[in-house]
Every structure is written in structure tokens, then in C-alpha cells.
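Read the structure below first, then the notes.
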Amino acid sequence: MSDGAPAMDRVEGALVLAPNPCTTQPCLPGTALAVDTGDGPCFLTRQGAWLVDPGALGPPTVAIGDLVRVTGSVNQAVDVRGEAFRTVELGSVERREPPVAPV
């Protein structure tokens with residue numbers, strides 16, 4: 001039985017600053033925080049707004065380049081040019097340690 005809470009997705013990869021998708025006409029270029037999943041960036045949002053500063057993620061402290069696991073609601077969207085992109089409405093961020101190579 002469901003308790004009515006929305007399903008949460010997980011996105012893992014390196015925290016990066018990536019060129020934000022063009023969602024307005026004219027396009028307002030900039031950068032936004034994203035998780036590089038190896039299958040393209042997944043942009044981090046809170047209440048539908050781009051996040052641009054790692055400090056806005058709250059504890060634990062994470063930095064650009066850190067491996068992270070983000071839990072939230074992943075959404076598909078299309079920019080004004082018709083190009084698809086993904087966002088994740090932020091639930092939580094967890095810093096991950098890089099995998100240890102076997103010796």
C-alpha cells in the first residue's frame with residue numbers, strides 16, 4: 001500500500017557545472033549544477049529553479065568533481081530548440097567515495 005509520497009529516483013555520477021538548457025526565447029545562457037551520469041547531465045533543481053552553487057545543496061558539503069548520489073524526482077523535458085534534457089527535483093545529496101581499483 002502506498003503512503004501517497006511520490007516515488008524517488010536515484011542519480012549517480014560526478015557533480016559538474018554544465019551549460020543550462022535553453023528554456024526561454026531568447027535563450028539566456030548560463031551554467032547550472034548537474035550530475036554527469038555518463039549518459040548526459042541531469043540538472044539539479046529545487047522548486048523548479050536551476051541550482052548553480054554547490055553550497056545550496058546543504059550538508060554534506062560537496063564540491064564540483066565529487067562523486068554524488070542524488071535522490072529526487074527525475075523529469076524529462078525539451079528545450080526551445082527541441083533538445084531533450086533531464087532534471088532532478090532535489091530530495092537529498094550523498095557524497096560517494098570513488099571505487100577502489102583491485103590490486
Side-chain angles (χ1 to χ4, degrees):
M1 180 187 290
S2 172
D3 62 3
M8 299 300 267
D9 300 304
R10 287 187 177 163
V11 177
E12 295 189 37
L15 186 66
V16 297
L17 274 176
N20 62 279
C22 193
T23 58
T24 59
Q25 194 64 281
C27 183
L28 300 174
T31 57
L33 287 175
V35 176
D36 182 356
T37 64
D39 188 26
C42 188
F43 292 90
L44 304 182
T45 61
R46 183 172 285 131
Q47 297 179 345
W50 305 121
L51 295 178
V52 297
D53 175 18
L57 301 177
T61 302
V62 293
I64 300 300
D66 285 350
L67 295 178
V68 295
R69 175 184 291 154
V70 175
T71 304
S73 176
V74 175
N75 303 291
Q76 301 284 337
V78 177
D79 70 12
V80 296
R81 297 177 183 140
E83 296 176 18
F85 66 96
R86 294 177 300 158
T87 63
V88 58
E89 183 68 23
L90 190 62
S92 65
V93 176
E94 179 182 350
R95 188 171 184 276
R96 310 292 293 167
E97 293 300 322
V100 176
V103 196

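Just the heavy atoms: all of them, side chains too, but no hydrogens, waters or symmetry mates, feed the values below.
- Cluster annotation: L15 is connected to V74 through the hydrophobic network of ILVMFWY side chains, with a link wherever side-chain heavy atoms come within less than 4.5 Å.
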Could you tabulate the donor-acceptor pairs under 3.5 Å formed by side-chain atoms of residues 47-59, not counting sequence neighbours?
from, atom 1, to, atom 2, distance (Å)
D53, OD1, G55, N, 3.1

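- F43 and V11 are assigned to two separate hydrophobic clusters, defined by single-linkage of ILVMFWY side chains at heavy-atom distances under 4.5 Å.
- Across all non-hydrogen atoms, the minimal contact from T31 to N20 is N-OD1, 3.4 Å.
- Using a 4.5 Å cut-off on side-chain heavy atoms (C-beta onward), L90 and T45 make no contact.
- Taken to the nearest 0.5 Å, the SG atom of C22 stands 7.5 Å off from the CG atom of L28.
- Between atom CG of residue N75 and atom CZ of residue R86 there is a gap of 11.0 Å, rounded to the nearest 0.5 Å.
- In this structure, V62 and R95 approach most closely via the heavy-atom pair CG1-CB, 4.0 Å.
- Hydrophobic clustering (ILVMFWY, side-chain heavy atoms < 4.5 Å, transitive): L17 and V70 are in one cluster.
- Taking hydrophobic clusters as Ile, Leu, Val, Met, Phe, Trp and Tyr residues chained together by side-chain heavy-atom distances below 4.5 Å, V68 shares a cluster with I64.
- Closest non-hydrogen pair, G13 versus V35, comes out as N-CG1, 3.4 Å.
- Residue R69 places its CZ atom among more than 12 non-hydrogen atoms of other residues, nucleotides or ligands, all under 6.0 Å distant.
- Expressed to the nearest 0.5 Å, how far CD of E89 lies from OG1 of T71 amounts to 13.0 Å.
- Of all heavy-atom pairs spanning A14 and G65, the tightest one is CB-O, 4.2 Å.
- Atoms CG and CD, on D36 and E12 in that order, are 13.0 Å from each other to the nearest 0.5 Å.
- In this structure, CZ on R81 lies 10.5 Å from OG1 on T23, to the nearest 0.5 angstrom.
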